Every structure is written in structure tokens, then in C-alpha cells.
A.B. asks: 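Quick one: the structure is below, and I'll ask about it shortly.
Throughout, residue positions are numbered sequentially from 1 according to the sequence presented. We count ligands from 1, going down the list as the structure has it; atoms in each ligand are counted the same way. Only a predicted model underlies this, so the values are computations on that prediction, with no experimental measurement involved.
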Amino acid sequence: MRLLVTDLDNTLYDWVTAFARSIRPMVTELAALLRIDEDTVYAELKSVHRRHHNSEHPFAVLELDSVARAFPAATPVELLTLLERPLAAFNAARATWLRLYEGVSDTLGALRARGVVIVGHTEAIGPTARQRLRLLGIEHHFAGVYCLANALGPHPSPGWQDKGGVPLHVVPREERKPNPALLRDICASELARPEEAVYVGDSLTRDIWMARRAGVCAVWARYGRGYTDEDWATVVRVSHWTPEDVRREARLRVSATGVSPDHAIAGFGELLGIVPTAAARPVRRRVRKVG
Ligand SMILES: [Mg+2]
């Protein structure tokens, strides 16, 4: 095996838990600051996320209707100060809850030492995914990250600059998981044949079904569903998913009935037993840097 394509959220770290537990204290602080109930904050957050087709739209709180009503004349920079407590509550909780699953960093390092090229594949937008890999201290293991296209507005701080980092390869929205052509394209871009690649992910309907149909060894991270119902409910409550998204998910589940992975792992470190050999020759990489 010369190429590992890894899903990010709930394969390398528990995104559901970290996101839900960062959102809740932020909503509590926002409701107190704006003197409104938490239900209203959740509904307004969902509406901003829907507008941007992104449940993690950066600085969504600056666009809440209640914020506009409370601070009608404030500039984005002023809002950052006015909303300092809710934003700090989110960041503090994320620092507590965003944690790699056990063995992830060591395993990525060991695979890289064996000559395996590692790329990420996520339906998060690129800058958000890259920031997460950086916060978790694993960005240096990645040769690239394949991510969804999404337009981001300007950062609210005028002096802010994107630090760059791991190359981002933008995937069109119509080529989302579980499209097997997308995974075959990723293999081709990384100069690996599908049979030389391993895909690891926590979703049977998206990751595993896609990998199996692409002819790529499919490894199911079955530990990725270890979050609580309460945390999942919080994610759904603020998510951008439309009724059509929910119907699409239901259709996918039906289509993927009976799909089984080549391997199921109880911890990321078990990949070392599945990807045992080093690449025989160095992989010449063709990088399409887009961000
Ligand atoms: Mg996932």
C-alpha cells in the first residue's frame, strides 16, 4: 500500500462531541448577553448555517438576527469584542473536547515512516479542516487534504492572514461522498492505483460504500459512533441540513444496505496491521495547490 486516504471527522477525532460541547456553552453565553432564550439562538444559528450551506460557517454568530438587532451600528471588528464571551466560551470548550482518538498521531507518523503517502478527505471546507489538523498537531503528516468547495466571506479582523499549510484540493459539491469516481480521482492525483490505496472512515454509507465501489481497500473506523445522543441532537439542531439533505441521507442508507468493509477496526492504530508494507518506490506527487 502506498496511499492512505483518511476521512477526518470521527475517524481521527470525535468531531460530533467536540462541536456539540463547544456550541452549547457559546449558546448559553449568547442567550444571556442578548437576553433571549436559547431556542432562538439555536434557530438563528441554523438559519445562518443554511444560508452558507455550512454547519461550521466561521463567525456565524456575527450574522445572527438577534445580534444585528442588539448592535445595529457595530462593525464586524466591534462585534468580535462585543461577543467576546460567547466566542471565548466556544474556543475554551473546543480546547477541552477536540482530542485525537488514541494512537492517531503515532500511527500517522509510523505509516509515513513506512513511505505511505497520507491524504485527508472531508466534507468540511478546507480552511476549517486545516485549522483542525493544526490545532490537533497532525497537519505535518498530510501531503494534502481533499475538501468541499465553499465561498468564505472576509475574516472579520482586517489584519488577519491565512497561514497556509497543507495543500487543499477543492472537490466540487456535486462530487460528494459516496461518489466512487471522486475517490478514483484522488488516487490518480496521488499517482496510486486504487488497489495500492486504503480508505479509512467511520461512515458505512459514505466512506465504506464509496471505497468498495472504487476498488479501494475499505477500512471501517467503527469506533467513530461513540458520541452521545445528546451531542448528536445538538449538531442536528444547528446543522445546515435541509429536508432534502435528510432525504438524501435516508436514500443513501437504503442503497448501502448490506455494504461491508474489507476491515473493521476498533482503534486507529489497528491500521498498522492492515498497511504492513512500505511503498517499494517513492511516490512522485503532483500537487495542485489551491489554497
Ligand atoms: Mg467522518
Side-chain angles (χ1 to χ4, degrees), residues 4-23 53-56 94 97-105 107-108 118-126 128-133 135-136 138-139 141-142 144-148 150 166 168-169 171 173 175-180 182-183 186 197-214 216-229 231-236 238-241 245-246 248-250 252-253 256 259-271:
L4 173 69
V5 186
T6 179
D7 170 56
L8 302 184
D9 293 350
N10 286 73
T11 296
L12 303 180
Y13 47 84
D14 186 348
W15 175 81
V16 171
T17 300
F19 186 62
R21 295 182 188 187
S22 307
I23 286 284
H53 309 287
N54 179 6
S55 302
E56 297 184 278
R94 182 177 59 186
W97 293 108
L98 186 63
R99 291 271 181 268
L100 292 172
Y101 290 122
E102 197 180 333
V104 167
S105 187
T107 304
L108 292 173
I118 301 168
V119 296
H121 179 208
T122 179
E123 294 202 330
I125 58 163
T128 306
R130 182 155 65 187
Q131 182 199 33
R132 229 167 358 243
L133 296 183
L135 286 172
L136 290 163
I138 55 170
E139 185 186 8
H141 291 307
F142 287 81
V145 174
Y146 292 79
C147 51
L148 266 196
N150 202 309
V166 60
L168 302 175
H169 309 290
V171 172
R173 286 201 157 251
E175 285 195 31
R176 297 171 59 174
K177 299 178 182 185
N179 179 357
L182 165 63
L183 180 51
I186 292 175
V198 169
Y199 194 100
V200 58
D202 66 296
S203 168
L204 286 170
T205 54
R206 295 167 184 278
D207 302 322
I208 300 308
W209 196 39
M210 172 179 67
R212 289 300 304 264
R213 289 189 296 157
V216 169
C217 177
V219 180
W220 180 38
R222 63 183 169 87
Y223 52 84
R225 294 292 150 117
Y227 44 79
T228 66
D229 291 345
D231 287 335
W232 179 246
T234 299
V235 170
V236 172
V238 298
S239 83
H240 67 285
W241 302 325
D245 292 326
V246 175
R248 177 177 184 264
E249 190 64 37
L252 282 179
R253 266 200 298 276
V259 70
S260 58
D262 294 296
H263 303 272
I265 55 174
F268 196 79
E270 291 180 24
L271 270 181

A.B. asks: For the Mg ion (ligand 1), which protein N/O/S atoms fall under 2.8 Å? Skip waters.
C.D. replies: D7 OD2, D9 O, D202 OD1
A.B. asks: Name the orientation class of the two ring planes belonging to W232 and Y227 (parallel below 30°, tilted from 30 to 60°, perpendicular beyond 60°).
C.D. replies: parallel
A.B. asks: Using the side chain to side chain contact (heavy atoms under 4.5 Å, CB included) definition, which of the options L252, T205, V259, L183 pairs with P178?
C.D. replies: L252
A.B. asks: Can you name the residues that form a salt bridge (charged side-chain N to carboxylate O under 4.0 Å, His left out) with R222, not counting sequence neighbours?
C.D. replies: none
A.B. asks: Backbone N or O of S260 within a donor-acceptor pair of the R212 side chain at under 3.5 Å?
C.D. replies: yes
A.B. asks: With sequence neighbours left out, write down each residue that passes ring pair (Phe, Tyr, Trp, His ring centres under 6.0 Å) with F268, or none if nothing qualifies.
C.D. replies: none
A.B. asks: Using the side-chain hydrogen bond (donor to acceptor under 3.5 Å, both in side chains) criterion, which residues pair with W15? Sequence neighbours excluded.
C.D. replies: E56
